[in-house]
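Okay, so here's the structure we're looking at.
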Amino acid sequence: MQLIPCPWCGPREEAEFHYGGQAHVAYPEDPSALTDEEWARYVFFRENPSGPFAERWSHNAGCRRWFNAVRDTRTHDLLAVYRVGEPMPEVTA
Amino acid sequence: MNLRTPTGGAVDRNTVLHFTFNGTEYTGHPGDTLASALLAHGVHEIGSSVKLGRPRGIVAAGSEDPTSLVQVEAPFSEPMLLATTVELYDGLVARGLAGQGRLSAEPDPARYDAKHEHCDVLVVGAGPAGLVAALTAARAGARVVLVDEQNQAGGALLGVDEYLDDRPSAEWVADVVAELRSTPGVLVLERTTAFGMYQDGFVLALQKRTDHLGFAAPASAARQRVWRIRTRQTVLATGAHERPVVFADNDRPGIMLASSARTFLHRYGVLPGSRAVVFTTNDSAYCAAIDLAESGVDVALVVDARPEAPARLATECAARGIEVRAGQVVTGTDGPGRITAAHVGDERIACDALLVSGGWNPVVSLFSQARGKLRYDAELGAFVPGEELSSVRVAGSATGELDLTACARQGRDAGAGAARAAGFTAGGQVPLPASDSRCTARSGLVLWRVPGSDDTSFVDLQRDSTVADVLRATGAGLRSLEHIKRYTTIGTAHDQGKTSGMIAAGIVAEALGVELAEQRPTTFRPPYTSVSFAALAGRDRGELHDPVRVTSIHPWHVEHGALFEDVGQWKRPWYYPRPGEDLHTAVLRECKATREGVGMMDGSTLGKIDVQGRDAGAFLDMLYTNMMSTLKVGRIRYGVMCGVDGMVIDDGTVIRVGEQRYLVTTTTGNAAKVLDWMEEWLQTEWPHLDVHCTSVTEHWATIPLVGPRSRDVLAAVAPDLDVSNEAFEFMTWRDTEVAGVPARVCRISFSGELAYEINVTAWHGITVWEALMAAGERYGITPYGTETMHVLRAEKGYPIIGQETDATVTPQDLGMSWAVSKKKRDFIGKRSFARAENNRTDRKQLVGLLPADPSVLLPEGSQIVETDRLPEPPVRMLGHVTSSYPSAALGRTFALALVRSGHERIGETLYVPVDDSLVPVTVTESVLYDKEGARRDG
Amino acid sequence: MTVSPLAAWSDRLAALAPVLDAAEVPFRSQLTVRVSDPDAIAAMGSTLGVGFPSAACTFTSGTGPCGDVEVLWLGPDEFLVTAPPDQQVTIEEVLRGALGTAWGSVVDTSAQRTTVVLQGPRVRDVLAHGCSVDLHPASAPRGTCVQTLLARTGIVLQVTGDDRVTVLVRSSFAGYLAAWLVDACTEYLAVP
Amino acid sequence: MTSPPGAHLPEHPDFLWDDPEPKSSYDVVVVGGGGHGLATAYYLAKVHGITNVAVLEKGWLAGGNMARNTTIIRSNYLWDESSGIYEHSLKLWEGLEEDLGYPILFDQRGVLNLAHSLQDVRDSVRRVNANRLNGIDAEWVDPAGVKEICPIVNTSPDVRYPVLGATYQPRAGIAKHDYVAWGYARAAHEMGVDLIQDCEVTGLETAGGRITAVRTSRGRIAAGKVALCAAGHSSVLAKMAGIPLPLASHPLQALVSELLEPVHPTVVMSNAVHVYVSQAHKGELVMGAGIDSYNGYGQRGSFHIIEQQMAAALELFPVFARAHLLRTWAGIVDVSPDASPIVGLTPVGGLYLNCGWGTGGFKATPGVGDCFAHTIAHDKPHPFNEPFTLERFTTGALVDEHGAAAVAH
Ligand SMILES: Cc1cc2nc3c(=O)[nH]c(=O)nc-3n(C[C@H](O)[C@H](O)[C@H](O)COP(=O)(O)OP(=O)(O)OC[C@H]3O[C@@H](n4cnc5c(N)ncnc54)[C@H](O)[C@@H]3O)c2cc1C
Ligand SMILES: NC(=O)c1ccc[n+]([C@@H]2O[C@H](COP(=O)([O-])OP(=O)(O)OC[C@H]3O[C@@H](n4cnc5c(N)ncnc54)[C@H](O)[C@@H]3O)[C@@H](O)[C@H]2O)c1
Ligand SMILES: Cc1cc2nc3c(=O)[nH]c(=O)nc-3n(C[C@H](O)[C@H](O)[C@H](O)COP(=O)(O)O)c2cc1C
Ligand SMILES: [Zn+2]
């Protein structure tokens with residue numbers, strides 16, 4: 001059970017959170033202007049790195065806020081958490 | 001045979017306990033384990049081995065024992081326990097196992113629970129290192145938890161008769177424990193094994209709370225408890241396990257680790273036999289030889305594999321008449337079962353106990369689970385912690401240190417360091433105890449095996465894996481220890497290789513001619529010792545397994561004999577059978593009553609979300625396929641939601657409550673998902689929108705009142721409401737009072753009939769329900785459940801999300817192009833409609849099916865084929881039946897189905913394989929009842 | 001007539017004494033407020049006579065025109081205002097007035113959750129069987145308010161005294177909560 | 001007991017495989033020495049006569065998911081596309097022991113998939129009907145039938161989620177994962193395939209839109225064709241060639257009990273209560289836990305998943321109460337958006353992709369090995385893997401097996 005530091009509530013157990021996959025994937029400005037390939041990219045394709053990964057979590061059973069985190073997918077260690085809208089911080093894995 | 005010493009040991013000799021083992025009755029004392037009590041009677045043979053059926057005895061005194069597997073039969077049957085860790089109680093019944101346990105068919109009556117605990121410093125192991133660590137951290141003011149798997153603190157000290165600071169070590173231990181227990185914020189847990197070490201200071205520990213009480217265990221107490229410990233810092237003071245040396249026929253009962261024999265002597269007052277041979281590679285076993293000799297065992301010989309015996313200890317042995325032979329090894333044993341002789345050189349030395357020491361393996365399982373790297377210590381012949389971790393420290397013999405004072409010093413450093421790292425400045429220094437111990441295992445010789453018959457040289461005594469197996473594995477080309485583990489199964493048994501793993505690695509390295517330093521040990525995984533399933537399930541069983549959600553009206557349904565359907569966590573009334581009715585007759589009655597008179601159901605489980613803000617309309621326009629911003633205040637619109645992939649995910653009604661306020665409903669199963677979906681878009685994608693969503697699902701009780709007489713019933717309970725069709729139009733809502741309670745009434749219909757949906761606060765749900773029942777009595781008002789609801793809507797061709805849809809269905813497939821806005825620039829899912837696959841003409845589309853024989857009910861889930869004869873498989877399938885019912889209104893059966901090019905096939909005959917026949921069906925539009933919508937207004 | 005979610009449980013909860021004094025406090029007025037504008041928050045506080053909590057995971061309480069009111073921090077822009085029964089309509093109006101044209105929402109959620117008060121020396125022990133938040137007085141002093149999980153249900157937990165907490169639970173999960181509490185007290189009841 | 005447990009376990013045929021130095025070039029380099037990679041190499045050699053092949057494995061052979069899976073084999077998937085490839089695989093399983101000349105303990109003890117809600121029942125019946133029309137042995141059994149097949153399942157109606165029935169595939173079953181891998185490895189090695197361990201692929205070289213070589217921790221190896229069989233690491237590898245994949249790699253855990261006398265004669269899986277369990281030949285209960293929600297390459301999961309798994313197991317199997325958990329572990333599974341695999345060509349010439357098997361690719365080992373070898377040899381998909389293209393995510397022609405796959409393996 002990981003301890004995830006919610007930017008608002010502080011550290012809470014993973015069971016209170018919902019995972020949201022890769023962070024910083026913006027909804028396309030104008031989907032109708034995209035090719036099928038580009039649209040498929042948005043709908044189905046996400047980064048899946050082995051190493052630091054900017055991802056989204058929601059503190060579902062707590063403050064219900066979405067926030068971002070950088071986590072090393074090899075160790076599962078959280079390297080940083082930051083709020084939606086904030087840039088991804090520099091981290092060292 | 002009585003092998004209990006006249007005095008000594010920590011057992012209560014004044015109390016006699018009776019127990020039965022393998023059918024024979026024995027006695028023992030409080031403080032005994034099953035193993036010590038058996039040894040006191042000279043019983044070494046416990047069970048037999050899993051593959052070869054060879055007798056198996058007791059090798060170690062603690063949880064690392066590989067062989068003493070028993071099935072406890074009373075008070076409750078439990079398989080695969082170790083005699084060495086089963087504490088004796090009166091009435092214990094057990095039997096030795098042949099490698100496999102047996103599960104009881106009786107339900108386990110015991111309670112199990114879990115508890116969360118938070119601390120600054122967790123110390124695992126209450127030997128000298130752990131005790132000093134815990135005390136140091138406690139004195140610094142940290143919240144400390146100290147756990148030890150044994151029933152008392154002391155660790156290795158429990159098995160020796162040594163003195164600390166010139167007093168019996170037990171007194172030193174007792175003092176430390178007393179101070180810890182009296183320090184606020186310190187929790188000392190005995191019989192508690194830390195079995196799993198996870199990230200972020202999360203340690204799982206299993207406490208055996210009442211096992212030792214046997215029949216006296218109170219039923220109300222949790223037998224075992226899983227402690228979910230969250231700590232900032234951990235000190236691992238888990239000690240070291242002695243390891244044997246492998247030689248031919250090394251598996252006979254009576255062959256035991258030397259330190260374990262010493263533990264049986266000092267802790268339990270039990271001798272391993274009457275004539276012993278000691279075989280060692282290091283100094284520590286000399287203490288066993290000397291102590292046993294002093295207790296009356298005839299110690300025939302100490303065989304020291306080293307070229308020279310340690311002078312001082314050899315002299316001590318000589319003084320006690322013990323012969324010491326250096327530079328020799330034990331090469332084999334004799335015995336029908338239990339050992340009768342040890343082979344040394346050409347000699348067979350008669351003995352009934354052979355005590356072996358091949359050195360010590362630090363217990364590094366938890367350190368390794370914490371992702372700590374291990375390093376091979378060639379002097380010790382073992383893997384030891386090879387790096388420092390930021391929140392996990394290791395102290396004592398778990399590091400490979402074997403000297404007591406040095407262990408304690410490591411404990412003090414680790415305790416202080418941990419407290420500091422957790423933000424506490426160390427308090428008073430804990431003085432280090434001085435030991436009078438004579439035997440330390442350093443300066444040992446690393447010896448894995450004595451050459452001999454490979455086939456009977458056992459490496460893993462529980463798995464019956466031998467040196468021959470190891471050599472067969474290396475001979476087959478295998479080099480990685482992981483492969484050899486899996487090929488030979490060494491280390492995969494109950495003990496997870498605690499005593500065998502290191503030796504296997506050593507033998508492999510020798511066979512391959514590689515350095516052990518280049519080998520990686522096999523992976524340590526939780527649990528450290530085995531944990532019962534029931535303990536892990538804890539209280540999450542039976543009615544607490546998963547919350548049962550009920551509505552405010554639920555008690556009424558129960559009282560009126562409803563049967564329930566599980567929908568997610570909810571219990572929903574399925575139908576209300578009258579005496580003698582089955583599902584179909586009850587549902588036909590409920591349907592008929594509703595279509596002809598009036599019926600009502602509990603719709604409270606529908607998800608309800610209040611959406612407020614200036615941009616609420618624009619937001620809902622993005623979420624729904626149709627337009628919501630143009631809805632007028634006071635009106636209601638049905639809406640469909642898709643995922644970004646264009647597949648339908650939910651549907652429901654949207655009420656415009658005010659200029660900046662909507663109330664949307666969702667399906668029962670998707671309530672939480674839809675709210676999450678909305679929040680996700682709002683928070684992560686469109687934070688610039690002024691919209692806020694609030695769940696009000698459980699604030700409202702919702703009662704659909706359905707049927708031609710619903711208007712009359714409503715009029716009777718809502719005197720302020722003009723219920724006329726003109727004043728209260730379809731798809732509008734009104735706030736009023738129903739049965740004297742503030743209510744919001746919506747004119748919507750999921751059945752095609754005139755219908756209202758009455759919403760009141762949940763507190764009033766049951767009152768209003770009863771008022772409606774009373775008011776409707778003269779019209780024969782009939783409560784109905786989900787099944788009737790499903791039939792009524794199916795007759796109208798309305799899909800149920802999750803029944804007609806399965807993540808591959810678009811609104812267009814459902815015939816709902818009318819609900820897909822052409823005007824909106826974008827909404828979620830829109831772009832996906834333009835993909836090639838979405839524009840195929842042969843997509844599966846929702847249609848009705850009428851079996852040619854109107855009495856034939858198609859099973860839901862049936863497949864549909866084109867031909868009236870089945871070709872050889874694979875048969876081309878056109879789709880499947882999603883819903884199928886007998887219909888009171890249609891006077892026949894009907895079905896809904898998803899059918900390839902279904903919309904084009906209307907009028908065609910298709911076939912449905914049912915059992916061994918093909919049922920002809922006619923494809924129709926999905927709406928089968930009241931196509932014109934004449935009944936809507938009553 | 002009104003019926004509260006735990007009406008059928010009152011005897012079983014009462015039977016948890018002396019381990020726990022446990023009782024439902026039904027029909028409390030509850031309003032979910034979403035607002036982040038500081039002026040609007042201040043205005044809301046002053047109309048209720050209770051300043052809104054400024055720290056995460058805390059609640060405030062006080063008395064004003066609507067009686068004894070508590071304001072619970074549920075999230076960075078989310079509060080739950082709780083008050084004695086029958087105040088919800090008034091409070092909703094008052095808060096709407098205070099919100100004015102600022103972004104936000106006020107929703108009557110009185111029946112969405114029910115309130116259970118637990119008191120007694122074992123209250124932390126009992127909760128620790130299912131709640132992973134550290135309830136040690138040093139970590140969760142009086143005034144703490146956390147939304148978290150208790151076993152398999154979500155709760156809002158307010159620490160209201162040394163050995164006293166208030167638990168808010170969704171109405172449909174209330175029966176589960178009660179069953180869980182009764183079960184968790186079994187051992188403490190046997191050996192008080 | 002007449003013969004001690006485990007006595008019937010095979011004597012391993014002696015020599016398995018060598019540990020050769022990699023050559024500087026191969027006709028085909030298979031990346032990943034799990035079941036799929038080994039089977040692919042085997043069928044390349046056996047069926048297509050392509051033997052200048054290397055299987056490169058970054059760790060010890062078959063130490064990835066192949067060493068970690070719960071070994072459930074079945075073919076009762078919903079869609080025609082899936083039925084095709086899984087049933088092809090099951091047929092190969094049925095002759096595999098003989099084909100490889102190696103004991104694999106393939107045991108057709110049947111698999112039950114339990115239904116706990118009315119919708120489960122509809123979905124199950126739908127799948128059974130589809131299976132039968134696809135020539136797959138599938139049956140719908142009622143709770144009494146469940147009890148008959150597996151007497152220890154709690155089919156009483158008063159549990160939280162009662163068993164309403166189950167689908168049953170009699171030909172389904174289990175096999176001994178390690179032996180399967182070793183059998184393939186041994187046979188591939190005999191036909192001249194180089195099995196190279198401790199050889200991590202760190203880069204893919206291309207020229208003119210074609211693959212030319214792999215860079216590895218043991219040097220550069222030129223390759224005519226490269227076939228990726230890296231399961232959980234597929235995204236990382238494909239990215240080396242600039243190919244994004246719609247995959248997420250998640251931890252998936254499993255566990256075993258200690259050895260027990262036989263109690264569980266079949267395989268039981270339940271999506272709703274979330275259990276899947278069988279009793280292996282030696283006697284341990286083998287159980288799969290749920291997937292961890294987050295992406296992870298750590299080969300470890302979270303313990304609450306195991307606890308939930310135990311609670312669910314006891315709901316269905318009260319007799320397991322005092323069985324003991326002996327060991328837990330995790331693998332890295334590559335989950336695709338539609339719970340179906342991706343097998344076929346890539347935009348890079350000579351580079352082939354086999355991934356996305358997620359939580360259920362063990363059963364596909366022979367089938368996909370055969371089809372993938374065909375794809376590589378002919379530079380054209382085998383009909384059975386033709387539907388499983390990467391392009392389907394663009395066209396929308398998904399093969400959504402969430403219903404049939406879900407937690408189910
Ligand atoms: C706990 C668990 C339970 C499961 N249960 C079942 C089940 O019951 N039934 C079922 O059908 N399926 C099951 N599966 C899924 C199944 O195990 C996988 O789908 C299947 O094993 C994947 O194919 P593989 O054997 O080739 O994968 P793997 O054995 O994972 O092989 C991939 C190999 O690629 C190697 N590799 C990765 N990157 C590189 C690189 N850069 N260079 C060189 N080598 C590399 C890896 O080390 C690994 O050995 C389960 C999986 C898990 C984890
Ligand atoms: N004679 C020798 O050569 C020799 C060899 C080894 C050790 N020793 C002596 O042993 C002592 C070592 O002291 P120490 O404190 O390092 O170790 P210890 O062996 O005294 O104590 C370790 C304790 O940890 C417990 N433990 C281990 N794993 C556990 C787990 N996962 N959960 C709960 N409890 C667990 C054990 O039950 C034991 O009580 C010293 O006195 C040392 O001299 C002597
Ligand atoms: C079907 C199956 C059965 C297993 N049985 C056992 C077992 O009886 N004892 C054991 O210790 N491990 C058993 N394992 C687990 C392995 O020891 C090991 O944990 C697994 O291969 C993953 O490797 P790792 O834990 O070394 O990372 C089994 C694994 C599988 C897949
Ligand atoms: Zn939070």
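The chains referred to below are lettered A, B, ... by the order of the sequence lines, with proteins before strands, and numbering in each begins at 1.
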For residues [X] and [Y], report the shortest heavy-atom separation together with the two atoms involved.
{"X": "D:L260", "Y": "B:Q100", "value": "O-NE2, 3.2 Å"}
{"X": "B:G542", "Y": "D:E315", "value": "N-OE2, 2.8 Å"}
{"X": "B:F533", "Y": "D:H324", "value": "CE1-C, 3.6 Å"}

For chain B, which of [options] has the most heavy-atom pairs under 4.5 Å?
{"options": "D:L133, D:V125, D:N129", "answer": "D:L133"}
{"options": "D:P162, D:S302, D:A321", "answer": "D:A321"}
{"options": "D:R322, D:Q197, D:Q309", "answer": "D:R322"}

At a 4.5 Å cut-off on heavy atoms, which part of [X] comes close to chain D: side chain, backbone, both, or neither?
{"X": "B:Q569", "value": "both"}
{"X": "B:R539", "value": "neither"}
{"X": "B:R228", "value": "side chain"}

Answer with side chain, backbone, both or neither: which region of [X] has an atom nearer than 4.5 Å to a non-hydrogen atom of chain B?
{"X": "D:S83", "result": "neither"}
{"X": "D:D178", "result": "side chain"}
{"X": "D:R300", "result": "both"}

D:F303-B:F195 aromatic ring centre distance below 6.0 Å: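 Yes.
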Relative to chain D, which of [options] shows the most heavy atom pairs under 4.5 Å?
{"options": "B:Q863, B:E860, B:H494, B:Q199", "result": "B:Q863"}
{"options": "B:G196, B:S862, B:A105", "result": "B:S862"}
{"options": "B:L204, B:T492, B:D540, B:T808", "result": "B:L204"}

Residues B:D566 and D:R160 bridged, charged N to O under 4.0 Å: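 Salt bridge between B:D566 and D:R160, a charged N being under 4.0 Å from a carboxylate O: yes.
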From B:R835 atom CZ to D:T395 atom OG1, the distance as rounded to the nearest 0.5 Å: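 B:R835 atom CZ to D:T395 atom OG1 measures 7.5 Å (nearest 0.5 Å).
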